[in-house]
Amino acid sequence: MSEIKVRFAPSPTGFMHIGNTRTALFNWLLAKKLGGKFMLRIDDTDFARSKKEYEDAMRESLKWLGFEWSEEARQSARFARYDALRDKLIAQGRIYPCYDTPEELQIKRKRAMAKGMAPIYDRQALHYTQEDIAKFEAEGRKPHYRFKLNPGIIEWEDIVRGHCQYDAEKLSDPIIIREDGSYLYHFPSCIDDSDFGITHIVRGEDHVTNTAAQIQMFEAIGGKVPTFAHLPLLTGVEGKLSKRLGSLGVRELRAEGVEALAICSFLAKLGTSDAIEPYYSLDELAQSLDFAKLGRSQPKFDEEELKHFNTKFVRSMPYEAVKNRVNVSEEFWNEVRPNLNVVDDIKLWADICHKEVTPVMEDTTLTDLAASVLPPEPWNENTFNEWLNIVKRQSGKKGKELFHPIRKALTALDNGPELKTLLPLIGYEKAYKRLKGETA
RNA sequence: GGUCCCAUCGUCUAGUGGUUAGGACGCGGCCCUCUCAAGGCUGCAACACGAGUUCAAAUCUCGUUGGGAUCACCA
């Protein structure tokens, strides 16, 4: 039994977004669950659009999300390998040159569709004469190359889609090398998957048709065909949410206070029959992974829903998960947590308890009274109730009229955690001064 | 248009011939309560359409409609 290995292969042509993240997540989770390895592969064959900046940002996002990788490769460093295989397959006639221009291909495609025919490449290039080629070269045209699909039924068992099959005759020979000699996605990807021993490929279902062609490619280069899992694509309110159009960046989400694990919990469960609920460790999420629970239709991704889920996530976040990021005690965290929107909000409450607050005075008669009967420390758990009972009795106020002015004086805010929990944290000195209207 | 896939509450889904069509999120109400949260209880709400098979169809078959993917010198 060979070792399980998956890969995440972004092209550094943009920032990490929700679509990317979902693919990376499922791969990472699968590796984790099966005890396999997760590899990062930079698919930078497109010189024109690949940028170091994007690559760095991608790494940073991956780390933030918690997807550690144990191995890394970059396609631009492997051209010699691709070239060797290319030459071999050209010699075999499996890869062949074509001289059509993009415009010509476009026209052919349109014409075929208009006639109700399949818009697949007509393989005219297979019938070029010496004269044709001489003529193209004389015109200064450079060839691009296609991979020749062998006729027959191509089939595989997909982890999420079950048995899949395509008739090669109905597919177009994929272009794998551009006119300028640079490689397109398919060919290098298959070579790498084969060379690096990738056992499982988890990706969006926009790749299903590609899979048929790639299976023949794996065979042509003498590689082992991996197991595939094609995830239904996410859709948004405005239709599809492809990885290209995916506009919701991970960095933006992070800046807004959305937790990495909230994103992961949400994406891992969206479209499954499991409830979307907080997971506070990726390991635990991985154990719950089950492709059989994935639906086959395309779930809607709603940013608002994610944000909503995130606040729920934060409000029940265990101290263990935040103790390295926040500067408060476990008790403080647990008391204030249900009132937070984002983790950073904890600072607000820490400041209210420990730094200066300018009180808002609503009923000085009441707050003066409250200050005068505020018992000296040490306090115990009953102090607050005892104190408030005295204020209540002597003022004749109760309910909101009683609590609200005290809350405003103590915290300057309309709402927040229970005053009972806040008071001991504020302490006698600050509490007394604030009740008297002084900044403290 | 060829090929492939999909269709159950607003959303994500369970369901594999006989169910009061279940759950989760959201939404409404109630309780708790000084507030906002949190928590507890409760309610509303769905089988795209049309034929067929069958004693019986959300479930099987065919068709229709509606979505999506792909057919790129993007990945």
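- The distance from atom CG of A/L234 to atom C1' of B/A69 is 14 Å, rounded to the nearest whole Å.
- Here the nucleotide nearest the side chain of A/D206, chosen from B/G2, B/U70, B/C73, is B/U70.
- Considering every non-hydrogen atom in both A/T101 and A/R141, the closest pair reads CG2-NH2, 3.8 Å.
- Protein atom CZ of A/F47 is 18 Å distant from nucleotide atom P of B/C73, rounded to whole Å.
- Heavy atoms of A/G416 sit under 4.0 angstrom from at least one base atom.
- Heavy-atom distances to RNA chain B give each of A/D43 and A/P338 a nearest nucleotide, and the one nearer the 5′ end belongs to A/P338.
- Here B/A37 presents its P atom at 20 Å from CG of A/N334, a figure rounded to the nearest Å.
- Using a 4.0 Å heavy-atom criterion, one finds that A/P299 contacts the sugar-phosphate atoms exclusively.
- Considering only side-chain N and O atoms, A/H186 lies nowhere under 4.0 angstrom from the phosphate OP1 or OP2 of B/A75.
- Per the geometry, NZ belonging to A/K110 stands 13 Å off P belonging to B/A72, to the nearest Å.
- For B/C73, the OP1/OP2 oxygens have no side-chain nitrogen or oxygen of A/T101 closer than 4.0 Å.
- Taking only side-chain atoms of A/N415, from C-beta outward, the nucleotide of B/U35, B/C73, B/A7 with the closest atom is B/U35.
- At a threshold of 4.0 angstrom between heavy atoms, the contacts of A/N210 include nucleobase atoms, whether or not backbone atoms are also involved.
- Looking at A/S189 and A/R41, their side chains do bring a donor and an acceptor atom within 3.5 Å of each other.
- Remark: P of B/U35 and NE2 of A/H404 are 10 Å apart, rounded to the nearest angstrom.
- Taking the side chain of A/T209 as heavy atoms from C-beta on, and the options B/U70, B/U13, B/C73, the nearest nucleotide is B/U70.
- For A/R178, the listed nucleotide lying nearest its side chain is B/A75; candidates were B/A75, B/C36, B/C12.
- Pair assignment for B/G43 gives B/C27, based on Watson-Crick or G-U wobble hydrogen-bonding distances that are each under 3.5 Å.
- Phosphate proximity of B/G39 to A/R315: absent, as no side-chain N or O sits under 4.0 Å from OP1 or OP2.
- A/R337 has no side-chain polar atom (N or O) that falls below the 4.0 Å cut-off from OP1 or OP2 of B/C36.
- Straight-line distance from the CD1 atom of A/I177 to the P atom of B/C73: 14 Å, rounded to whole Å.
- In terms of position on RNA chain B, the residue among A/E305 and A/Q298 whose nearest nucleotide sits closer to the 5' end is A/E305.
- Residues A/D363 and A/K397 are paired through a salt bridge, judged by an N-O separation under 4.0 Å between the basic side chain and the carboxylate.
- In the set B/U35, B/C73, B/C74, the nucleotide with an atom closest to the side chain of A/R49 is B/C74.
- Here A/T45 lies in heavy-atom contact (under 4.0 Å) with sugar-phosphate atoms only.
- You cannot call A/H230 stacked on the base of B/A69; the centres under 5.5 Å and planes under 30° rule is not satisfied.
- On the P atoms, B/U8 is 10 Å away from B/A14, given to the nearest whole Å.
- Contacts of A/L184 with the nucleic acid, taken as non-hydrogen atoms under 4.0 Å apart, involve only primed sugar atoms and P, OP1 or OP2.
- Rounded to an integer number of Å, the gap from A/N389 CG to B/C34 C1' is 13 Å.
- Rounded to an integer number of Å, the gap from NE2 of A/H308 to P of B/C25 is 10 Å.
- Scanning all heavy atoms of the two residues, the minimum distance from A/N339 to A/R315 falls at C-NE, 4.5 Å.
- B/G52 sits 14 Å from B/U59 when the P atoms are compared, rounded to a whole Å.
- Of the P atoms belonging to B/A46 and B/G22, the separation is 11 Å, rounded to the nearest Å.
- Looking at heavy-atom distances under 4.0 Å, A/D180 makes no contact with the nucleic acid at all.
- Taking 4.0 Å as the cut-off between side-chain N and carboxylate O, A/K108 and A/E104 do not count as a salt-bridged pair.
- Rounded to whole Å, the C1' atom of B/C9 lies 36 Å from the corresponding atom of B/G1.
- A donor N or O paired with an acceptor N or O is not found under 3.5 Å between the base of B/C6 and the side-chain atoms of A/R296.
- If you check B/U3, B/C34, B/U11 against the side chain of A/Y166, the one that comes closest is B/U3.
- At the phosphate of B/C71, neither OP1 nor OP2 sits under 4.0 Å from any side-chain N or O atom of A/R109.
- Comparing B/G2, B/A75, B/U13 by their nearest atom to the side chain of A/D46 picks out B/A75.
- Salt-bridge check for A/E418 with A/K420: failed, with every basic side-chain N at 4.0 Å or more from each acidic carboxylate O.
- With a cut-off of 3.5 Å on both Watson-Crick or G-U wobble distances, the partner of B/C36 is given as none.
- Which of B/C34, B/G2, B/C36 sits closest to the side chain of A/N339 comes down to B/C36.
- Distances were taken from every side-chain heavy atom of A/K312 (C-beta onward) to each of B/U3, B/C25, B/C34; the shortest belongs to B/C25.
- Taking the side chain of A/R161 as heavy atoms from C-beta on, and the options B/C6, B/A75, B/C4, the nearest nucleotide is B/C4.
- For an aromatic pair to be called close, the ring centres must be under 6.0 Å apart, and A/Y185 with A/H207 satisfies this.
- Nucleotide B/U65: paired with B/A7 (Watson-Crick or G-U wobble, both distances less than 3.5 Å).
- The gap from the C1' atom of B/A57 to that of B/A45 amounts to 23 Å, rounded to the nearest Å.
- A/R86 and A/D83 are joined by a salt bridge, as a carboxylate oxygen and a charged side-chain nitrogen come within less than 4.0 angstrom of each other.
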